[in-house]
2 protein chains.
Amino acid sequence: MRILIVEDEPTLGQQLKSSLEQNGYAVDLSTDGEDGHFLGSTEEYDAVILDLGLPEIDGLTVLGMWRKEGRNFPVLVLTARDSWSDKVAGLDAGADDYLAKPFQTEELIARLRALIRRASGNASSELVAGNVRLDTRSGRVTLDGEPVKLTAQEYKLLSYLMHHKGKVVSRTELIEHIYDQDFDRDSNTIEVFVTRIRKKLGAHVITTIRGLGYSLDDPDAAPRE
Amino acid sequence: MRILIVEDEPTLGQQLKSSLEQNGYAVDLSTDGEDGHFLGSTEEYDAVILDLGLPEIDGLTVLGMWRKEGRNFPVLVLTARDSWSDKVAGLDAGADDYLAKPFQTEELIARLRALIRRASGNASSELVAGNVRLDTRSGRVTLDGEPVKLTAQEYKLLSYLMHHKGKVVSRTELIEHIYDQDFDRDSNTIEVFVTRIRKKLGAHVITTIRGLGYSLDDPDAAPRE
DNA sequence: GAAAGTGCATGCGTATCCTGATTGTCGAGG
DNA sequence: CCTCGACAATCAGGATACGCATGCACTTTC
């Protein structure tokens, strides 16, 4: 885990740096807003500790610039000022947490842990097979990055196949998982939807295994010409 | 956005509830740990406000149980005690933010906003999708820069969709997050409000995915079908 | 008490699904 | 190598469930 500290008081900055390093973090320290902004824009950090009372550029300004640039690392804001209106401004400017000086180092570290945990918490569960991607959280499918519109049944079928990538899935298994309970077993709906999916995503995505069922293979895993 | 408050002091609890409701949240209120835990385990919340000093079961215990069950909504912890060791314990137990009593209601709401914003992966307090902008701080919505008047429910629905931009949101999910507990699940209210929002903002903002739900797309991110 | 907001019910139009028939492929055996 | 049977793919038309729009009654707000 890599942390950036932007803090103009050298004493406090150094003290924080060594505390965090003792806790296993890699720490970069910047003492003014301009330099700090540059580091945050160019390097990759898991979290940033930002002092509001900076010379030259205000901390809030720096934060706003990062957010405009699309930087979305979690930011913990430090300030000597203790009025709640400042807190509100900081939080609304895009800060994720707030700590008023003076503070206990233990508390800072605990909040940092919580921030990083949460930031990594919403990782999107994405299934990938070749040039097809299916995000189960958002329920959306892309082909070579281009979004593809699937109907409800098409999505269900593709989703099941991608969850069982590489495995041969029989028609009855598909019917059992896509439809509820009693459904006319001898109908060719599955074939119909396989056809439709192939039309939208390309024929190669779903392989037919004659007499057994279908299979969805990842070309990367099994390179074949 | 739907919030759960677990607070044993009835006066404070009610006061918080109405404050949040005035700010457009759907709020469930629980006055003891056991009931609160049950609600948090069974219903869908976007954030939880949890008092540590509860009768029967301790707040920290409740929080720990939720996290063990895999519940990962953001939790804001309240406590009368002001020692930092309690804060550390709370944060390590899985809390995402911390507020010591007494506090300003404005600060609570600001922190709540920040929590929800981060939980949905957004860095800025202003949500943008195409030519529609929604400022969560002021509760204003603009279309091509022109302010648009939305009713309370319309705003709630749009806000939820914008917090989950790109995701396909089912009708039940919308109902669960816009309304509190008891509400008739099978009604066409959602469709009605979708219609009304489309009338005000244009039909293109909300996409219908037949059989699955609705989705709010950013034209920049999704150029063509 | 007027005005605005909310939620339910109705009828309508259409995208989506399923069915059944037809056409197309594969593979074994002559 | 050709033929034939079995299985799979495709096509198109009708049925249906789904979502949309509108009107109306109830509630809330000022």
Side-chain angles (χ1 to χ4, degrees), chain A residues 139 141 148-161 168-216, chain B residues 2 18 21-27 139 141 148-161 168-216 225:
Chain A
V141 178
V148 178
K149 268 176 98 176
L150 293 188
T151 69
Q153 303 286 50
E154 288 163 4
Y155 176 80
K156 282 187 201 166
L157 205 161
L158 180 66
S159 165
Y160 188 83
L161 283 177
V168 177
V169 183
S170 71
R171 218 147 315 165
T172 47
E173 186 178 345
L174 281 171
I175 287 181
E176 278 171 357
H177 282 88
I178 291 174
Y179 297 97
D180 45 1
Q181 298 222 326
D182 30 42
F183 181 81
D184 190 17
R185 260 74 206 285
D186 40 319
S187 88
N188 67 344
T189 39
I190 298 297
E191 280 108 323
V192 171
F193 284 113
V194 168
T195 301
R196 289 193 178 148
I197 293 174
R198 281 180 176 150
K199 258 193 175 168
K200 290 186 179 178
L201 299 179
H204 60 284
V205 281
I206 302 177
T207 316
T208 310
I209 287 94
R210 214 150 227 269
L212 293 177
Y214 297 98
S215 154
L216 193 144
Chain B
R2 191 164 163 213
S18 55
E21 278 170 349
Q22 277 174 25
N23 277 270
Y25 296 100
V27 182
V141 177
V148 178
K149 262 182 85 182
L150 292 188
T151 70
Q153 299 294 73
E154 287 163 6
Y155 177 81
K156 283 186 197 172
L157 205 161
L158 182 67
S159 163
Y160 189 84
L161 282 177
V168 177
V169 183
S170 72
R171 217 149 312 145
T172 46
E173 185 177 344
L174 282 170
I175 288 181
E176 279 177 347
H177 286 272
I178 292 173
Y179 297 98
D180 48 9
Q181 270 203 294
D182 25 48
F183 183 80
D184 187 19
R185 261 83 206 284
D186 40 314
S187 89
N188 66 346
T189 317
I190 297 298
E191 283 138 325
V192 171
F193 282 108
V194 168
T195 303
R196 288 177 182 158
I197 292 174
R198 280 181 178 149
K199 261 192 177 165
K200 292 187 178 178
L201 299 179
H204 60 283
V205 280
I206 301 176
T207 316
T208 311
I209 290 96
R210 213 156 228 265
L212 293 178
Y214 296 98
S215 155
L216 193 144
E225 357 183 317

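So that the names make sense, note that chain A is the first sequence line, chain B the second, and so on, each numbered from 1. The shown structure was predicted, so the numbers you read here are calculated from the model rather than taken from an experiment.
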C/dT6 OP1/OP2 closer than 4.0 Å to side-chain N/O of B/Lys156: no
Gap between atoms CD and C1', on B/Glu154 and C/dG7 respectively (whole Å): 13 Å
side-chain N/O B/Gln153 vs C/dG5 OP1/OP2, d < 4.0 Å: no
Nearest-Å distance for atom pair CD1/P, residues B/Ile178 and C/dT6: 11 Å
Below 4.0 Å: OP1/OP2 of D/dC20 and any side-chain N or O of B/Thr195: no
Side chain to side chain contact (heavy atoms under 4.5 Å, CB included) partner of B/Glu154, the single match among B/Thr151, B/Leu157, B/Leu158: B/Thr151
Nucleotide of D/dC20, C/dC8, D/dT10 approaching B/Arg198 most closely (side-chain heavy atoms): D/dC20
Distance-only polar pair, side chains of B/Glu173 and B/Tyr214, donor-acceptor under 3.5 Å: no
Distance in angstrom units between B/Leu157 CG and C/dT6 P, rounded: 11 Å
Under 4.0 angstrom between B/Arg171 side-chain N/O and D/dG19 OP1 or OP2: yes
Sugar-phosphate only, base, or nothing, as touched by A/Lys199 at under 4.0 Å among non-hydrogen atoms: sugar-phosphate
Nearest-nucleotide pick for B/Phe193, side chain only, options being C/dG7, D/dT10, C/dC18: C/dG7
Atom-to-atom span, CZ of B/Arg196 to P of D/dA21 - whole angstrom: 12 Å
Contacting residues from residues 206-214 of chain A, given that a heavy atom lies under 4.0 angstrom of DNA chain D: A/Thr208, A/Arg210, A/Gly211, A/Tyr214
Separation of atom CG in B/Asp180 from atom P in C/dG7, rounded to whole Å: 11 Å
Side-chain donor/acceptor of B/Asn188 to base of C/dG7, under 3.5 Å: no
Side-chain N,O (A/Tyr179) to OP1/OP2 (C/dC17) below 4.0 Å: no
Given D/dT10, C/dG7, D/dA8, the nucleotide with the shortest approach to the side chain of B/Thr189: C/dG7
